[in-house]
Number of protein chains: 2
Amino acid sequence: MRRSIELPRRSAESACDRSARSRKTFFRKNVLRERARVRKPVVSIKDVASLAGVSIGTVSNVLTGKRAVKAELQVRVRGAVAELGYEPDRSASRLRGGRGRVVAVMVPDLTNPFFASLVAALEAAVRGDGYDIIVGTSNGGPAEEAARLATLLAWRPGGLVVVPCDDAFASAAVIRRSGVPFVVADRVADGIDADQVTVDNRAAGAASAEHVLGLGHRDVVVAASTMALRNIRERYAGIEGAFLSRGLPAPRHIEVGLDLETATDRLDAFVRDECRTSAFIALTNFGTLGVLSTLRRRGLRVPDDVSVIGFDDYAWMRAVSPPLSAVRQPVEAMGQAAWARLRARIDGADGPFERVRLECEFVPRASTAAFGKPLGCERAA
Amino acid sequence: MRRSIELPRRSAESACDRSARSRKTFFRKNVLRERARVRKPVVSIKDVASLAGVSIGTVSNVLTGKRAVKAELQVRVRGAVAELGYEPDRSASRLRGGRGRVVAVMVPDLTNPFFASLVAALEAAVRGDGYDIIVGTSNGGPAEEAARLATLLAWRPGGLVVVPCDDAFASAAVIRRSGVPFVVADRVADGIDADQVTVDNRAAGAASAEHVLGLGHRDVVVAASTMALRNIRERYAGIEGAFLSRGLPAPRHIEVGLDLETATDRLDAFVRDECRTSAFIALTNFGTLGVLSTLRRRGLRVPDDVSVIGFDDYAWMRAVSPPLSAVRQPVEAMGQAAWARLRARIDGADGPFERVRLECEFVPRASTAAFGKPLGCERAA
DNA sequence: TTGAAAGCGCTAACAC
DNA sequence: GTGTTAGCGCTTTCAA
């Protein structure tokens with residue numbers, strides 16, 4: 001199918017000789033009518049060039065700004081762009097110009113508000129630089145991660161931000177082979193040579209621990225999603241460190257898994273036989289929810305019977321009663337940092353890999369209270 | 001910069017004559033070495049063709065399946081694809097073949113878990129068909145919506161799913177002009193000619209109303225985000241209808257805005273002077289949070305003092321105490337329906353515009369209780 | 001400073 | 001059934 005517009009071939013001179021008015025008339029008569037006839041749906045650089053009476057190269061130069069163009073032509077080109085509502089085809093400019101103005105983002109699960117917020121932060125960060133975002137989710141599996149990555153990478157994005165679905169991060173090979181600059185966010189991949197943007201997990205854990213310790217709690221249980229993730233281990237290590245440094249035994253931890261039902265079940269089995277715990281520290285979103293859900297089910301009141309510290313800080317944590325003491329991750333800042341680092345790599349920076357470590361903020365609220373008495377088994381029963 | 005690989009020009013015959021083994025040897029010696037030398041980062045269809053000893057046309061035919069290819073060549077091509085880890089450049093095939101295998105998704109705010117879930121559902125739906133998702137957020141403004149839409153559309157996606165930031169939906173013009181098939185999700189644009197996937201908002205409202213009415217509540221307050229949105233008005237209309245049909249006066253409503261702080265402030269001002277309300281029905285996420293937050297601030301207990309119905313159904317609503325009675329939107333199904341409709345349009349369906357209306361499910365939990373006594377002003381004070 | 005033209009990687013139309 | 005080739009809409013030499 002032939003879709004391009006056939007224009008009577010005009011020399012450069014004739015285009016320049018013609019006045020702006022007659023050029024427009026000419027354009028209307030020919031180009032617009034032709035466009036309507038062939039039902040060409042999108043306007044291309046050629047249409048702009050015709051209307052402005054310049055070559056497509058000049059249009060490109062005006063738009064990319066990579067080459068000086070005389071002021072008068074600039075005006076004509078911009079006018080034509082506005083009149084036609086022209087927007088350069090991004091696939092085409094990507095194809096010709098190398099990497100495209102997209103950044104690919106891979107997260108384990110968009111349903112998890114933390115990852116969703118991260119994507120939101122990233123989107124806000126990149127759009128300022130004229131980039132778009134293309135998202136994929138691994139939904140837990142390394143196989144799916146690799147597969148999604150492959151199709152995302154097939155757009156030849158300018159860069160990639162990835163939250164690996166596990167520490168092994170086998171897909172790193174896929175990414176590296178593609179040559180696309182990337183940064184690993186949130187999760188730290190063991191011994192992976194890559195730029196990383198994480199949170200100071202150790203400090204975050206330590207802050208929670210200090211808080212409950214300061215309130216007099218000694219028998220604390222940690223609700224971790226899974227110890228297979230290094231960032232979780234780091235958070236736990238921070239808690240452990242705080243206890244150990246005071247000569248106290250390290251708190252126990254439960255792996256609650258990655259969904260609410262599992263979390264609740266596992267915690268419930270634990271709490272059923274538990275007599276001493278006076279505080280829970282959650283290390284993830286579902287840890288928080290699992291703890292809350294279990295305590296409710298067991299009829300235990302927060303903070304009267306047990307204190308609870310949540311992880312992440314969402315609006316609902318402020319709204320419910322009691323509002324939750326929690327560790328707030330600087331999601332916004334993570335997005336910005338990841339983009340800053342990625343941007344630098346895209347622009348050719350080739351220093352050593354960096355790990356940006358952002359600080360969390362501990363937000364004390366009403367779900368934690370001074371230690372009174374330990375959980376009585378008779379109550380929990 | 002010249003990046004393509006210079007191969008000694010070989011005739012088709014010579015390629016066919018060579019055995020598979022010698023072809024590979026040949027390839028290794030020439031192509032791989034050359035690729036390394038020029039540091040060409042990505043493998044193209046040409047590389048595959050060389051290694052398989054076929055023409056690029058054949059490679060394309062094997063991969064797209066649009067033309068029959070002899071079994072033996074299929075095997076060779078697939079082998080080469082696997083060995084090289086070839087993934088067709090999506091921008092290039094889009095450029096040549098028309099619309100690309102991406103669907104653009106525009107939502108007001110990715111930070112809102114409802115929209116995030118919708119994007120997640122969409123991502124899950126489209127990837128089964130080999131599509132990717134490119135996201136943009138309007139963050140409240142019609143101007144930003146139009147701007148983001150323009151860049152998203154510049155990728156010439158196969159389709160678009162949009163949740164307009166307001167009912168005016170001025171950007172509809174931008175979209176329509178691009179010729180990209182689109183479906184409007186969640187929000188209903190007044191008098192817009194487009195496929196729509198929404199929820200049966202009226203029924204959802206009615207279900208909430210029936211629930212509280214059945215519990216004996218008569219003095220109910222509705223927490224709406226803003227009545228400027230038609231889906232919110234529809235939800236309210238459902239509630240109103242239930243009351244009116246029983247000969248009861250329509251419940252009052254408060255516009256709580258779109259963030260937690262505003263919501264809490266406005267509701268707080270209302271509740272301060274309120275003596276009669278015995279139940280709140282929230283019509284959005286922030287309505288729910290605002291109500292909860294205000295009641296806590298005022299020291300009112302749920303459901304002892306006031307019953308509360310939330311909108312949307314998130315994990316935290318099940319975890320907190322009391323767990324929230326709520327209207328669950330079928331987000332998953334919305335994503336699937338939107339994609340199904342869009343897919344049909346992409347494939348050329350040109351019937352009249354449809355509005356798919358999905359049913360919500362009312363989930364009764366412990367935040368609603370039988371009407372006891374109305375709120376005493378002395379308590380609220 | 002500008003226009004002409006090559007070519008990015010691919011698909012589809014066309015030869016054979 | 002397979003190879004060759006013309007572009008898709010751009011960016012970027014290369015001439016003028």
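Chain naming here is simple, since letters A, B, ... match the order of the sequence lines and numbering starts at 1 in each.
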Does A:Thr64 reach a base, just sugar-phosphate, or nothing at all? Heavy atoms under 4.0 Å.
sugar-phosphate
Take the protein atom CG of B:Leu95 and the nucleotide atom P of C:dT11, then report the distance between them rounded to whole Å.
11 Å
Rounded to whole Å, please give me the gap between CZ in B:Arg94 and P in D:dG9.
8 Å
Does A:Thr58 make a side-chain N or O approach to OP1 or OP2 of C:dG3 shorter than 4.0 Å?
yes
Given the rule in the side chain to side chain contact (heavy atoms under 4.5 Å, CB included) test, do A:Leu118 and A:Val105 qualify, once you have shown the distances and angles that lead to the verdict?
CA-CA 10 Å; A:Leu118 185 61; A:Val105 180; over 6 Å; no
Atom-pair distance (CZ on A:Arg90; P on C:dG9), nearest Å
21 Å
Regarding the side chain of B:Val69, the nearest nucleotide among D:dG3, C:dC10, D:dT2 is D:dT2
Is A:Lys46 near enough to D:dC8 that one of its side-chain N or O atoms lies under 4.0 angstrom from OP1 or OP2?
yes
Atom-to-atom span, CZ of B:Arg76 to C1' of D:dG1 - whole angstrom:
13 Å
How long is the straight-line distance from CZ of A:Arg101 back to OG1 of B:Thr151, given to the nearest 0.5 Å?
10.5 Å
Expressed in angstrom and rounded to an integer, what is the separation of B:Asp89 atom CG from D:dG9 atom P?
16 Å
Measure from the side chain of B:Ser44, starting at C-beta and using heavy atoms only, and say which of C:dG9, C:dT2, D:dT12 lies closest.
C:dG9
In whole angstrom, what separates A:Arg67's CZ from D:dT12's P?
8 Å
Whichever of A:Ala68 and A:Arg156 has the more 5' nearest nucleotide on DNA chain C, that residue is A:Ala68
Within the structure shown, what part of the strands sits under 4.0 Å from A:Ile56 by heavy-atom distance: base, sugar-phosphate, or nothing?
base
Is a side-chain N or O of A:Asp129 found less than 3.5 angstrom from the main chain of A:Val126, in a donor-acceptor match?
no
Closest to side chain of A:Lys70, choosing from C:dT2, C:dG9, D:dG9
C:dT2
Keeping the roles fixed (side chain from A:Arg127, backbone from B:Thr137), state whether a donor-acceptor pair exists under 3.5 Å.
yes
Integer-rounded Å distance: D:dT2 P and B:Lys66 NZ
19 Å
Rounded off to whole Å, could you give me the CG-to-P distance for the A:Asn61 and C:dT1 pair?
11 Å
Within less than 4.0 Å of OP1 or OP2 of D:dT2, is there a side-chain N or O belonging to B:Ser55?
no
Examine distances only and state if a side-chain atom of A:Arg94 and a backbone atom of A:Arg99 form a donor-acceptor pair shorter than 3.5 Å.
no
Tell me what A:Ser60 touches on the nucleic acid: a base, only sugar-phosphate, or nothing, going by heavy atoms under 4.0 Å.
base
